[in-house]
Amino acid sequence: METHAEVVQRWHDLREMMIQQLDMFESGALILRSNGVNTSAEAMADLRRSILEFDALIAKDEADNP
C-alpha cells in the first residue's frame, strides 16, 4: 500500500502531465481525434478548471496532514 506522500506525489505527476497535454492541445501541438467526445475550447477549459480544483483539494490535504 502506498503512503500518503506517495499518493500525493503520484497526483502531482499526473496533474503535471495533464496540464502539459492541455497546453499542447491549446497551442495546436497536440491534435485530439474523438468519436463523439467534446474537445472544444470550452471543454478543455472545464477540464483544466477541474484539474486545478482537485489539485487545490490535494494541497489542502497536504497542509492539514503534513
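Residue numbers count from 1 along this sequence. In what follows, every heavy atom counts, from backbone to side chain, and hydrogens, waters and symmetry copies are set aside.
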How many angstroms lie between atom CD1 of I19 and atom CZ of R15, to the nearest 0.5 angstrom?
5.5 Å
Measuring from E2:CD to R10:CZ, what's the distance to the nearest 0.5 Å?
4.5 Å
Honestly curious: do F25 and M17 fall in one hydrophobic cluster under the side-chain, below-4.5 Å linking rule?
yes
Let me check something: do V7 and L14 share a hydrophobic cluster, defined by ILVMFWY side-chain heavy atoms less than 4.5 Å apart, either directly or through other members?
no
Rounded distance [0.5 Å steps], CG in L47 versus CG in L52:
9.5 Å
In Å and rounded to the nearest 0.5 Å, what is the NE2 to CD1 distance from H12 to I58?
7.0 Å
Side-chain contact, heavy-atom cut-off 4.5 Å: E16 with Q20?
yes
Measure the CE-CD distance between M24 and E26 for me, rounded to the nearest 0.5 Å.
12.0 Å
M1 to E6 - nearest heavy-atom pair and separation
O-OE1, 4.4 Å
Before accepting this row, confirm whether a basic side-chain N of the pair D46/R49 lies closer than 4.0 Å to the acidic partner's carboxylate O.
yes
Answer yes or no: is there an ion pair linking D55 with R48, defined by an N-O contact shorter than 4.0 Å?
no
